[in-house]
Amino acid sequence: MSAYLISLLAILERETLRFIGQRGRFVAALVRPLVWLLVFAAGFRAALGLSITPPYETYITYEVYIVPGLCGMIQLFNGMQTSLSLVYDREMGSMRLILTSPLPRWWLLLSKLMAGVAISIFQVYAFLAIAAVFGIVLPWEGYLLVLPALVISGLTLGALGLALSSIIRQLENFAGVMNFVIFPMFFLSSALYPLWRMAESSELLHDICAVNPFTHAVELIRFALYGQVNFMALFWTALALAVFMALALWGYDPSRGFMRRKG
């Protein structure tokens with residue numbers, strides 16, 4: 001067990017140092033959601049009326065509604081950036097060195113995933129603190145109760161990035177593929193507008209949003225911020241985590257997955 005813990009701490013330290021050295025990454029992680037919160041939300045406030053739906057017990061402003069979705073956005077982008085570093089490490093050869101460790105490959109990948117989740121949670125709380133400065137204050141207990149939801153959602157979105165990184169062989173291709181993953185997942189979800197709003201315009205778009213794993217991750221965060229558990233969102237998010245993690249482990253298995261291919 002000591003070897004497992006040492007490897008986890010070593011990978012966590014490596015990812016933390018990399019994150020600290022990339023200050024632009026932290027700034028970018030906050031700028032994206034803040035632009036939506038302070039600029040786009042102001043324009044959409046009058047156009048998008050919101051009814052009283054769980055977990056809200058009264059009418060809310062649009063800025064309040066999109067906060068959980070923007071927390072999910074931070075984790076989605078961070079999960080993809082962490083996976084981007086895997087592609088980079090593989091091109092530089094350091095990934096090969098890590099995966100030749102005597103420890104099980106699944107543990108090394110899980111350690112990498114957990115390190116990325118820890119960084120994303122730090123970014124989310126930094127965003128929530130800035131949002132509070134601008135007057136968007138959530139129930140105080142929500143800041144504590146949302147932590148387990150952030151862990152689960154972060155693991156799910158990070159596992160998706162891991163699965164994608166096992167397929168992509170070159171760093172240049174990864175950035176292009178991400179545009180076909182991040183933006184559809186974000187916009188075709190409940191992050192920016194309720195699903196009932198989508199149903200009013202298109203039943204097909206509503207159904208797509210309803211099966212989007214990112215939607216369930218956002219709803220899990222949304223309910224947790226108000227001290228509630230959305231068991232349906234929890235189930236689908238956990239199921240997506242299991243599927244994405246299984247695909248990542250298969251993809252990085254040199255005997256069966258994509259990693260056996262030589263490029």
If you compare all heavy atoms of [X] against all heavy atoms of [Y], which two are closest, and at what distance to 0.1 Å?
X: Leu157; Y: Gly72; answer: CD1-O, 3.9 Å
X: Ala240; Y: Thr156; answer: CB-CG2, 3.8 Å
X: Pro184; Y: Asn212; answer: O-ND2, 4.3 Å
X: Ala118; Y: Leu12; answer: CB-CD1, 4.3 Å
X: Cys209; Y: Ser189; answer: SG-N, 3.6 Å
X: Arg222; Y: Ser190; answer: NH2-O, 3.0 Å

Report whether [X] and [Y] are members of the same hydrophobic cluster (ILVMFWY, side-chain heavy atoms less than 4.5 Å apart, transitive linking).
X: Val218; Y: Leu147; answer: yes
X: Phe122; Y: Leu128; answer: yes
X: Leu162; Y: Leu150; answer: yes
X: Phe134; Y: Tyr143; answer: yes
X: Phe19; Y: Val151; answer: yes

Original post:
Hey, what's the ring geometry for Trp36 with Phe186, parallel, tilted or perpendicular (30° and 60° as the breaks)?
Top reply: perpendicular

I'd like to know if the side chain of [X] and the backbone of [Y] have a donor-acceptor N/O pair within less than 3.5 Å.
X: His216; Y: Ala210; answer: yes
X: Trp106; Y: Leu249; answer: no
X: Asn78; Y: Gly116; answer: yes

Original post:
Is Phe187 atom CZ crowded by more than 12 heavy atoms from other residues, nucleotides or ligands, each under 6.0 Å away?
Top reply: yes

Euclidean distance, [Y] [atom2] relative to [X] [atom1], rounded to 0.5 Å:
X: Gln75; Y: Ile119; atom1: CD; atom2: CD1; value: 12.0 Å
X: Thr215; Y: Met198; atom1: OG1; atom2: CE; value: 9.0 Å
X: Leu160; Y: Leu76; atom1: CG; atom2: CG; value: 7.5 Å
X: His206; Y: Leu195; atom1: NE2; atom2: CG; value: 5.0 Å
X: Leu9; Y: Glu13; atom1: CG; atom2: CD; value: 8.5 Å
X: Ser120; Y: Tyr125; atom1: OG; atom2: OH; value: 11.0 Å

Original post:
Which residues satisfy the ring-ring contact (aromatic ring centres under 6.0 Å, His included) test with Tyr226, sequence neighbours excluded?
Top reply: Tyr56

Original post:
side chain to side chain contact (heavy atoms under 4.5 Å, CB included) with Leu37: which residues, sequence neighbours excluded?
Top reply: Leu34, Glu63, Ile66, Val67, Leu70, Phe127, Ala131, Ile136

Original post:
Where do Leu113 and Met245 land on the side chain to side chain contact (heavy atoms under 4.5 Å, CB included) test, with the steps shown first?
Top reply: CA-CA 10 Å; Leu113 180 58; Met245 197 63 199; 3.8 Å; yes

Within a strict 4.5 Å, meaning less than it, do heavy atoms of the [X] and [Y] side chains meet?
X: Thr237; Y: Leu234; answer: no
X: Tyr62; Y: Leu192; answer: yes
X: Arg18; Y: Glu15; answer: yes

Original post:
Given the rule in the side chain to side chain contact (heavy atoms under 4.5 Å, CB included) test, do Leu155 and Phe244 qualify, once you have shown the distances and angles that lead to the verdict?
Top reply: CA-CA 10 Å; Leu155 288 173; Phe244 294 151; over 6 Å; no

